[in-house]
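The next block holds one structure in the form of structure tokens; read it before the comments.
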Protein chains: 2
Amino acid sequence: MIILLLSHYGTIVITFKILTKFFSNFARATAYQCMPIMKDLNDFFSVKDRYIPQLSVDCVIFGFHDQQLKVLLLKLKNLDVWALPGGYVEQIEGIDEAARRILEERTGLTDIYLEQFRVFGAAHRPTKEFIQKIMEVHRPEAKNDLWVLQRFVSIGYYALVDFSKVTPMPDFLSESCEWFEVKQLPKLAFDHSEITQKALETLRLMLDYKLVGFNLLAETFTMIELQSLYETILETSFRRNNFQRKMLSMNILERVEKLYTGAANKAPYLYRFKSK
Amino acid sequence: MIILLLSHYGTIVITFKILTKFFSNFARATAYQCMPIMKDLNDFFSVKDRYIPQLSVDCVIFGFHDQQLKVLLLKLKNLDVWALPGGYVEQIEGIDEAARRILEERTGLTDIYLEQFRVFGAAHRPTKEFIQKIMEVHRPEAKNDLWVLQRFVSIGYYALVDFSKVTPMPDFLSESCEWFEVKQLPKLAFDHSEITQKALETLRLMLDYKLVGFNLLAETFTMIELQSLYETILETSFRRNNFQRKMLSMNILERVEKLYTGAANKAPYLYRFKSK
DNA sequence: GCAAAAGTGTTAATCGTACACCCATGC
DNA sequence: GCATGGGTGTACGATTAACACTTTTGC
């Protein structure tokens, strides 16, 4: 664990921050369980008119941890498959807002970097089969003409989040919510493998076009962290000095203070993304 | 008009081709008017169940002619606005197929370069107002709860077509179908200005990433034509020789024969996109 | 002082750009 | 032959990659 030492009293400040974060996350998690919308299956099966029919949103939430690019997945209750966090679009909300709502429910984060990247709308997407399986688990008596059993067109979003700030929270259909390395995904429901794959391709493309990588790191980060992020996602390697020069030449980073890790070497500088 | 001379008898061959093309387009145009689906308003208002509700497709069809990038637009009957070709997604077809169907109906072309680029799904897209106006023109007695009056989420596609091969054909809601220069668009209905703008941005981005420009030209083209295409879309200018080197270095063009225009200068080579 | 890791500086190679020149064509 | 426009070759500058070196830190 890295500790940021501003002064000798710094450690205490940081530890305090971690504790506050933990408790606020806890409070948030319980708060969500009381939310009036789609909190359980009864809502899920009765609120058809609340949503735009046959349209869903799937989110590929990327995080970076332990030198690995990760994706947040939900384990469907009593089924041996995982799925991307997703949901439906309310009649009164925009599609981006819907994605944000879903993201906040699963991660507890607001103000997330979010982009749509593709619509998945093939005539024979394998949605019906899975929804049917899910229903067998939860509501074997449900009718066959239920709205969720129709064909669905899904808008794919990808999100870049600060791994350390996320408190994964499962929804009412799933029993757990965990990070998986993109290179080692479990068996995914629906066409979520394809969706994840496309999201990753888009992320790679955007990375050198738009410099969005910072969103995967904490507010301040070392150059090495940034470099290893780029190297992991793009599956290449750069020279330390050249990478640094390239990043700094873009004039979007500002150097903050030094990071003392306790290691017997020169302390690296921390950088922050210039917001303006 | 450029004439391709393979031999002294070439002119006749070419002229013949032009004539055949003209007649086949004419035949196709009349054929479409007999198509069973959505051929008129009666169909339009009665076939609700055929389509996925609240979901539409809008196509930004790009063409290149006279050194200008053009977009194909429809003039709505009795209204002073133009609109992008669009339509709805049938329950039995994929979204890409829907876009292709719409494209074929308006241009007569199959096998078109087509990509989705963004979904427009803000909660308050100005669709209702325009559909209401359209209905006042066509069906003033129609009920207010008609399916087309709901909120719609629209998937934006952009298409790159060979201008010379297109025979613009209006649909039953419009009185004409014409090309407009992207720099001088008329008043557009709905949020179609925004959609067109985003399509153009995506096209510019894709142009140097994926080399899709060829789809806007005929099968064979001169290097100068390709260059002027790039210059027009990207709004820059390149050096003749450097542009050529860059293009040829990518190893995706093959040189075919020379093009004799009758001008008193060296005949340029024609190039073709290597399909494999 | 030394090892480890970060930071800086300097050279070599590559790429893009600008310029000059050569070639084919019709009058 | 000459004007016109297309094609090719080369030199220059900028950007990028590779290498060497210096600085900071804890033991």
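This one's a predicted model, so the numbers in the text were calculated from it and none came from an experiment. Just so we're on the same page: letters track the sequence lines, and every chain starts at 1.
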Salt bridge or not for B:R100 and B:E104, using N-O below 4.0 Å?
-> no
Salt-bridge criterion met for B:E254 and B:R272 (N-O under 4.0 Å) =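 Looking at B:E254 and B:R272, the cut-off is met.
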Give a yes/no answer on whether the side chain of B:R239 brings an N or O atom under 4.0 Å of OP1 or OP2 in C:dA18.
->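 Answer is yes, contact under 4.0 Å.
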Using the test ring-ring contact (aromatic ring centres under 6.0 Å, His included), find all partners of B:Y230 that sit at least two apart in sequence or belong to another chain.
->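 Residues passing ring-ring contact (aromatic ring centres under 6.0 Å, His included) with B:Y230: B:F243.
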Report all interatomic pairs (protein N or O, nucleotide N or O of nucleotides 7-9 of chain D) with separations under 3.5 Å.
unit_1, atom_1, unit_2, atom_2, d
D:dG7, OP1, B:Y269, N, 3.0
D:dG7, O4', B:K266, NZ, 3.4
D:dG7, N7, B:R240, NH1, 2.5
D:dG7, O6, B:R240, NH2, 3.2
D:dT8, OP2, B:Q244, NE2, 3.2
D:dT8, O4, B:N241, ND2, 3.4
D:dG9, O6, B:N241, ND2, 2.7

Set of salt bridge (Lys or Arg N to Asp or Glu O under 4.0 Å) partners for B:R239, sequence neighbours left out =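 Testing B:R239 for salt bridge (Lys or Arg N to Asp or Glu O under 4.0 Å), a comparison that skips the adjacent residues, returns none.
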Applying salt bridge (Lys or Arg N to Asp or Glu O under 4.0 Å), name anything that partners A:K183, two or more places apart in sequence or on another chain.
-> A:E235
Heavy atom of residues 228-236 of chain A under 4.0 Å from DNA chain C: which residues?
-> none
Once the angle between the rings of B:W82 and B:F180 is folded into 0 to 90°, is it parallel (under 30°), tilted (30 to 60°) or perpendicular (over 60°)?
-> perpendicular
Could you give the [atom1]-to-[atom2] distance, from [X] to [N], as a whole number of Å?
X      : N      : atom1 : atom2 : answer
A:L226 : C:dG7  : CG    : P     : 12 Å
B:Q227 : D:dG6  : CD    : C1'   : 11 Å
B:E225 : D:dG6  : CD    : P     : 10 Å
A:M247 : D:dT16 : CE    : C1'   : 14 Å

Let me have the donor-acceptor pairs involving side chains of residues 194-203 of chain B, under 3.5 Å, with sequence neighbours excluded, atom names and distances please.
unit_1, atom_1, unit_2, atom_2, d
B:T196, OG1, B:H192, O, 2.6
B:T202, OG1, B:K198, O, 2.8

With no hydrogens and no angle check, do the side chains of B:E231 and B:S237 hold a donor and an acceptor under 3.5 Å apart?
-> no
